[in-house]
Amino acid sequence: MKTNALFCVLTFLGLAAVGTAAQPVDYLTPAKPYQNASFLQGAKAQPVDLSRGTLRIPLITWAADGVTVSANDGLAPNPNSALARALKVPVQLEVVDDFDQQVKNYISGKTPFLRGTVGMIALTSEALTNIDRGLEPVIIVQLSWSTSADGFAAKGIQTLAELKGQPVVLQQNGPRLDLVQVLLQDAGLKPGDVNLKFVRDITANTRGPKDGKAHDPANALRNDASLTAAACISPDLLALTAGGNVGTGAEDSVKGARAILTTRTASRVIADVYAVRRDFFEAHKTLVQSFVAAHLAEQSRFQDLLANVARKNQANATKVAELKKMSQPLAGIFLQDEKAVNDYILWAGVDSELAGLRGNTEFFNTANNPVGFDSTQSRILAYYEQAGLVTQARKVAFAGWNFTSDFSTGAKVVETSKKNFGSTAEVRRAADSKDASKLFSYTFKFPARMAEIRWQDYPEVFAMMHEKVTRYGGAVVQLRGHADNFFYNFVQMKRTKGDSTYQRRIEGSTQFETLSLPTIEEVANSANKLSYSRAFAVKQAYAQYLRENLGKTPEEIDLSRFDVKGMGVGDPVVKSPTTPEEREANMRGELVIIAVEAEVPVNFGADDLK
């Protein structure tokens, strides 16, 4: 993992996690289910008051929220801003990182909006609807994906499966809950298999309490030796792991801590969204739709300016200057330093990915999207139900927009190209790099001497494959083919004895024929060719699955992250097979998802902003 510029500026400002010797950790006990939280007991819905002529909308400390600020020309009400003109009412923006406080404001009618991730909104749905149907959250638009800014650090383990029985710390009711539950599920772990511990804040900062206690995951990992892992933001992850390597215990790092992965690899996990109250949505649908339209238009503007920076030497200097000017106040709001313009731009263009019109269409309106809104919240709610965070999974409502037709004006589709390797050689180098980490794998069986596979014979497997490939959008997808090593072992044994021939039963007969014994090299070459053919067959079958089952066009199919590798007989399941079953176990293809965060290309860097 590369040290990013955001880490540098946050450290300079004192916003990165700062460890203090022997700090006790202030752990919280989350309400189970969420509706049992003390502040929700006896709560009553109050109507949203628009009589004052100002609409309050919450933000969180996240680069994509700069889009909302930019559309409003700042935090304060401005009747001439694009957002106010679209809504026909001035807007007061407020940074509210404490999600429970957002929920309080929402119930009391101070604001009809919630700003969080799909998982955060889903956590509240049961409780809010039980208080009053009018409080049911309706998700209206996606802002962004986290594509590098959130991660997972651990010490003393190499794989996610090793977290079984281990304590893991994260922020209560925060965005990282989405990340942790996905990692646990994909590692085959249930909620009860891991001891989740919670703290109040996502990071230590100048606005935190001065009580001498640790309130954030990074400082909890530093001060509680019993912890194995922490889910935290990128600057803290880099500090814990000595700049993305392995922590030494010096300079705020934790000895042995390494990054398991970040959202640079798991780039389709944390989806940032806005939701509004059901009663407000039904009474003011035109206003809500206008908010979405204005937001998408501003997202489009940001996307265009960020895409220009990604052109590097070919970038339009006037547009770069425009982006810097509009980012200056955003750096002041979110990084507490208006001079940190470049750092804010890197945060917005590398650590996050604005959804835009295309992304919202894909997320909400595209059928069979394994990381779309329906599948994302279904997975999250199933986890919440298993973990006891909800008593009964209650799906969050969607506004029902058709983004293509409802928002065709004001917002344009901006083509983005992120995290694509330039050549097969680059993909192989990344997969074989010292930082590469195997996350998950799946095995396909092949008959003897056969290298053909049809997706129709494994529809559920290819659906799973598509889900993992899409969710881990920054990972290398390595397809490995393997061959049976029985004949290789046999020839090696015969050559050791000095034999030059061997006998083989004539097919359909009880008679034997004498054949010349091939060389070890000939057998190995034949096995390598067969194993490569098996790996390539899986890639072809996946492409056919995308075309024939999902209706993808050739332009929509991107297999640039795929590495096809013939393993020959070099990695058998059974080293010395003696039975047909043992030989069959070695005749296989393998799908491997590999985290290669240090090798993943990024759109642009600080040098492109000079």
Side-chain angles (χ1 to χ4, degrees), residues 28-50 55-58 60 96 98-143 172-175 177-178 181 191 198 270-289 291-292 360 363-365 372-401:
L28 307 178
T29 302
K32 288 190 176 183
Y34 181 78
Q35 62 185 353
N36 287 344
S38 59
F39 77 91
L40 292 173
Q41 305 312 302
K44 294 183 179 180
Q46 301 297 324
V48 177
D49 184 8
L50 290 178
L55 182 65
R56 292 176 61 176
I57 299 178
I60 65 174
V96 187
D98 183 340
F99 190 61
D100 284 353
Q101 184 60 53
Q102 276 200 49
V103 175
K104 293 176 187 177
N105 295 342
Y106 176 93
I107 295 171
S108 67
K110 291 181 179 179
T111 176
F113 285 81
L114 285 176
R115 168 65 182 91
T117 65
V118 170
M120 294 162 68
I121 305 298
L123 182 65
T124 69
S125 183
E126 177 184 51
L128 292 172
T129 308
N130 286 346
I131 293 172
D132 190 299
R133 180 189 174 277
L135 291 177
E136 177 189 2
V138 179
I139 290 181
I140 57 173
V141 68
Q142 182 188 8
L143 281 71
Q172 180 175 258
N173 303 335
L177 188 58
D178 294 31
Q181 61 92 5
F198 297 91
I270 302 181
D272 292 281
V273 296
Y274 263 114
V276 296
R277 289 170 45 150
R278 166 69 68 182
D279 55 4
F280 187 85
F281 179 74
E282 293 176 348
H284 303 283
K285 187 173 182 180
T286 300
L287 183 151
V288 174
Q289 188 166 352
F291 170 81
V292 174
N360 273 274
F363 191 59
F364 292 107
N365 300 145
F373 176 63
D374 287 337
S375 55
T376 295
Q377 73 158 330
S378 293
R379 183 190 71 244
I380 290 171
L381 284 170
Y383 173 87
Y384 286 169
E385 196 168 23
Q386 288 180 342
L389 292 170
V390 300
T391 57
Q392 185 175 6
R394 184 192 297 274
K395 283 196 172 184
V396 183
F398 165 55
W401 318 123

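Residue pairs that meet the salt bridge (charged side-chain N to carboxylate O under 4.0 Å, His left out) test with at least one member in residues 29-47, sequence neighbours left out, do not exist here. Screening residues 116-142 for salt bridge (charged side-chain N to carboxylate O under 4.0 Å, His left out) gives Arg133-Glu282, Glu136-Arg278 as the qualifying pairs, with residues at least two apart or on separate chains. Sorted by first then second residue, the salt bridge (charged side-chain N to carboxylate O under 4.0 Å, His left out) pairs that include residues 101-119, not counting sequence neighbours, are Asp65-Arg115, Arg115-Asp272. Residues in residues 373-389 take part in no salt bridge (charged side-chain N to carboxylate O under 4.0 Å, His left out) pair, two or more places apart or across chains.
When the side chain to side chain contact (heavy atoms under 4.5 Å, CB included) test is applied to Asn365, the partners found at least two apart in sequence or on another chain are Thr361, Phe398, Asn402, Phe403. With sequence neighbours excluded, no residue forms a side chain to side chain donor-acceptor pair (under 3.5 Å) with Thr376. Partners of Gln377 according to the side chain to side chain donor-acceptor pair (under 3.5 Å) rule, which considers only residues two or more places apart in sequence or in another chain, do not exist here. Residues forming a side chain to side chain contact (heavy atoms under 4.5 Å, CB included) with Asn173 (at least two apart in sequence, or on another chain): Tyr34, Asp100, Leu123. By the side chain to side chain donor-acceptor pair (under 3.5 Å) test, Ser378 is found to be paired with Lys395, residues two or more places apart in sequence or in another chain being considered. For Gln101, the side chain to side chain donor-acceptor pair (under 3.5 Å) test picks out Asn105, with sequence neighbours left out. A search for side chain to side chain contact (heavy atoms under 4.5 Å, CB included) contacts involving Ala399 returns Val138, Ile140, Phe281, Trp401, not counting sequence neighbours. For Phe99, the ring-ring contact (aromatic ring centres under 6.0 Å, His included) criterion is met by no residue, not counting sequence neighbours.
Closest non-hydrogen pair, Ile131 versus Ala43, comes out as CG2-O, 3.5 Å. Here the shortest heavy-atom pairing between Arg277 and Pro47 reads NH2-CA, 4.1 Å. Nearest approach of Ala271 to Gln142, heavy atoms of both residues: CB-NE2, 3.8 Å. Scanning both residues, Gln386 and Pro191, for their nearest heavy atoms gives OE1-CD, 3.4 Å. Of all the heavy atoms in Asn130 and Arg394, the pair that sits closest is OD1-NH2, 3.2 Å. Closest heavy-atom contact between Pro137 and Val396: O-CG1, 3.6 Å.
Taken from CD1 in Ile139 to OG1 in Thr117, the straight-line distance is 8.5 Å, to the nearest 0.5 Å.
Using a 4.5 Å heavy-atom threshold, the side chains of Phe291 and Val276 count as separate. For the pair Tyr274/Ile57, a side-chain contact is recorded, criterion being any heavy-atom separation below 4.5 Å from C-beta on. Residues Leu177 and Leu389 have side chains in contact (heavy-atom distance under 4.5 Å, counting atoms from C-beta outward). Side-chain atoms of His284 and Leu50, non-hydrogen and from C-beta on, do get closer than 4.5 Å to each other. Side-chain contact between Leu55 and Pro112 is present, with heavy atoms from C-beta onward closer than 4.5 Å. Residues Tyr106 and Leu128 have side chains in contact (heavy-atom distance under 4.5 Å, counting atoms from C-beta outward). You'll find the side chain of Thr111 stays beyond 4.5 Å of the side chain of Val96, heavy atoms only.
Side chain of Gln41 to backbone of Ala37: a donor-acceptor contact under 3.5 angstrom is found. Between the side chain of Asp178 and the backbone N or O of Gly119, at least one donor-acceptor pair lies under 3.5 Å. Judged by distance alone, the side chain of Thr124 and the main-chain N or O of Ile121 form a donor-acceptor pair under 3.5 Å. In this structure, Tyr384 contributes its side chain and Pro33 its backbone to no donor-acceptor pair below 3.5 Å.
Other residues, nucleotides and ligands contribute only 12 or fewer heavy atoms inside 6.0 Å of the CD atom of Gln392.
Taking the six-membered ring for Trp and thresholds of 30 and 60 degrees, Phe373 and Phe364 have ring planes inclined between 30 and 60 degrees apart.
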